Amino acid sequence: MHDIIVIGGGTAGLTAAIYARRAAKTVLVIEAKACGGQIISTPSIENYPAAPGISGFDYATKLCGQAEALGAEFVYDRVTGLKDGDPKTVIGEKAEYTGRAVIIATGSENRKLGLPDEERLTGRGVSYCATCDGARFRGKRVAVNGGGNTALEDALYLSDLADTVYLIHRRDAFRADPSTVSLVLARGNVKPVLNSRVTGLVADRRLRAVRVTSAGGEETEIAVDGLFVAIGREPGNRFAEGLADIDQAGYIVAGEDCRTKTPGLFAAGDCRTKELRQLVTAAADGAVAADGASKYIASLAGA
Ligand code: NAP
């Protein structure tokens, strides 16, 4: 048994682990994929205080190393369930883990288009990470789908590599920062395809084209070798249902104190309801949740 179980090894989870270890609590971090979280694939972080330009990979490596050096333990498993009690039980695909307090810091996952063959073609032309896979499309034709900061930054990055970048967005205006939009639209090889949705993937073994349907219902095919889907992210918190309220979009209902409706169960970072999902707010949540968890454990000892 550990004092605190942290579910998720991204910025929120690892900051929680750091704060909890410094409060002399035993900590187990359960991570489904790779230590570091979604920021790993960001080429350059420009808005984290005092670390301008650090790559996501370097940042994540430092963060994981810091938590490990302080004595946090790590296990790689996908959490599927949670039981209340003292201790609480976290159910994974490989094992069950017990802890007196639990911090959920599961972040969010790439939203899928939900098209037939999307899963089969992932890695065969369909990608959710331009910085991971962009180099494979040097000199080729690609499409980016989305109108947020991720999509526009992906289009900018890919325009340096690919021959042509079709930027397909369902509305007539991008929601990304105006400065980024201006940079993208100044690139001669970026072709905006507005008021349009990707409605089909044309493929043999690999992706060959995307089918696009305009707001007026007109269907066209655009020949591409790659499609980068950047239509936002979705939390994966269903395992907490019952012990935590989950809002319609799938986020855990918790305030700035990161407390859920179950005493000793906290939600930190992108997985909880909040206004601004950024590295710095994820880190802040991690500290708050670890402090709350430590105080909860102290209250049990005093009971
Ligand atoms: P986002 O801001 O939520 O944008 C998602 C985009 O995808 C929107 O343009 C949305 O269209 C579109 N979309 C959503 N569902 C769709 C669907 N089913 N089919 C077609 N299009 C769909 O997501 P994001 O760009 O990944 O950014 C997430 C957060 O991280 C944001 O707060 C963003 O500002 C932040 N971020 C910051 C940076 C940075 O500061 N450098 C970089 C990346 C991300 P509508 O516009 O019509 O809703």
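These figures come from a predicted structure and were not determined experimentally. First listed ligand is number 1; within each ligand, the first listed atom is number 1.
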Please list, chain by chain and in numerical order, all residues satisfying side-chain hydrogen bond (donor to acceptor under 3.5 Å, both in side chains) with N189, sequence neighbours excluded. none
What is the closest protein heavy atom to [atom], and at what distance does it sit?
atom: atom 34 (O) of ligand 1; result: N149 ND2, 2.8 Å
atom: atom 23 (O) of ligand 1; result: G232 CA, 3.5 Å
atom: atom 11 (O) of ligand 1; result: R170 NE, 3.1 Å
atom: atom 8 (C) of ligand 1; result: R175 NE, 3.5 Å

Less than 4.5 Å apart, side chain to side chain, heavy atoms only: is that true for I222 and K191?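 In short, these two side chains do not touch, never coming nearer than 4.5 Å.
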Among [options], closest by any non-hydrogen atom to [atom]:
atom: atom 46 (O) of ligand 1; options: R233, R171, R197; result: R171
atom: atom 26 (O) of ligand 1; options: N110, T150, T180; result: T150
atom: atom 4 (O) of ligand 1; options: G148, A230, S196; result: G148
atom: atom 7 (O) of ligand 1; options: I231, V229, V198; result: I231

Are any side-chain N or O atoms of K112 and backbone N or O atoms of N110, one a donor and one an acceptor, separated by less than 3.5 Å?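 Yes, K112 side chain to N110 backbone: donor-acceptor pair under 3.5 Å.
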Indicate the ring-plane relationship of F174 and H169, choosing parallel, tilted or perpendicular according to the 30° and 60° boundaries.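 Rings of F174 and H169: parallel, as their planes differ by under 30°.
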Are there protein heavy-atom neighbours of atom 29 (C) of ligand 1 below 4.0 Å?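 Under 4.0 Å from atom 29 (C) of ligand 1, zero protein heavy atoms found.
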As a test of the contact definition, would atom 14 (C) of ligand 1 count as having a protein heavy-atom neighbour under 4.0 Å?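 Given the 4.0 Å cut-off, atom 14 (C) of ligand 1 counts as touching protein heavy atoms.
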Return yes if a side-chain donor-acceptor contact under 3.5 Å exists between D245 and T260, otherwise no. no
Will you find, in the side chains of Y59 and T11, an N or O donor that is under 3.5 Å from an N or O acceptor? yes
Applying a 4.0 Å heavy-atom criterion (strictly less than), which segment of N47 is in contact with ligand 1: side chain, backbone, both, or neither? side chain
Heavy-atom distances under 4.0 Å are what count here, so tell me which part of Q278 touches ligand 1: side chain, backbone, both or neither.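 Under 4.0 Å from ligand 1, Q278 contributes side-chain atoms alone.
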Are [X] and [Y] close enough for a salt bridge, meaning some N to O gap below 4.0 Å?
X: D285; Y: K274; value: yes
X: R100; Y: D86; value: yes
X: E109; Y: K33; value: yes

State the atoms of ligand 1, each with its element, that fall below the 4.0 Å cut-off from a heavy-atom position in [X].
X: R111; result: 14 (C), 15 (N)
X: E153; result: 38 (C), 39 (C), 41 (N), 42 (C)
X: H169; result: 9 (O), 11 (O), 45 (P), 46 (O), 47 (O)

Below 3.5 angstrom, do we get any N/O pair linking G147 and ligand 1?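 In this structure, G147 places an N or O atom under 3.5 Å from an N or O of ligand 1.
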Tell me whether the guanidinium CZ or amine NZ of R111 lies under 6.0 angstrom from the six-membered ring centre of Y128 and within 45° of its axis. no
